[in-house]
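In what follows, a structure is listed as structure tokens, so that the remarks can point back to it.
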Amino acid sequence: MAKTNLDALMKNPDAASILKNKDALLTLMKSPDTKRLMELLNQKAGSGLRTAADAAAKGDPSALAGLVGQLMQSEEGAAVVNRINKKIPQG
């Protein structure tokens, strides 16, 4: 990720909180819910997931946000995202 994108992430209080807490970040990345989210996104988007993730890494998260939004319309997708959100340290 380019430094400018990291700088932008660090200006977002929620993103900065998780990025500064390496233990929480590693726990979140290894969680079964995160793995399930990736599986669901792959099922939903297939090769489009990589394109959306690449665009997000370059500063345009709209495609990735759209995929997550579509995923949230399913009961399982919404439940997984909500569980992940509860695990993210606040402030």
Partners passing side-chain contact (heavy atoms from CB on, under 4.5 Å) against Thr34 (at least two apart in sequence or in another chain): Leu28, Ser31, Ile84

Run the side chain to side chain donor-acceptor pair (under 3.5 Å) test against Ser47 and tell me which residues pass, sequence neighbours left out. none

Check step by step if side-chain contact (heavy atoms from CB on, under 4.5 Å) holds for Leu49 and Lys44. CA-CA 8 Å; Leu49 178 57; Lys44 186 72 151 172; over 6 Å; no

Where is the tightest heavy-atom contact between Gly59 and Pro61, given as atom of each residue plus distance? O-CD, 3.3 Å

Quick note, salt bridge (Lys or Arg N to Asp or Glu O under 4.0 Å) partners involving residues 73-82, not counting sequence neighbours, are Arg36-Glu76

Please identify each residue that fulfils side chain to side chain donor-acceptor pair (under 3.5 Å) with Thr51, with sequence neighbours left out. none

Hits for side-chain contact (heavy atoms from CB on, under 4.5 Å) against Arg83, two or more places apart or cross-chain, chain-then-number order -> Asp33, Ala79, Val80

For Gln70, the side chain to side chain donor-acceptor pair (under 3.5 Å) test, sequence neighbours excluded, returns none

Can you list the residues that meet the side chain to side chain donor-acceptor pair (under 3.5 Å) rule with Asp60, with sequence neighbours excluded? Ser62

Any salt bridge (Lys or Arg N to Asp or Glu O under 4.0 Å) involving residues 61-71? Give me the pairs, sequence neighbours left out, ordered by first then second residue. none

Would you please name every residue forming a side-chain contact (heavy atoms from CB on, under 4.5 Å) with Ala52, sequence neighbours left out? Ala63, Leu64, Leu67

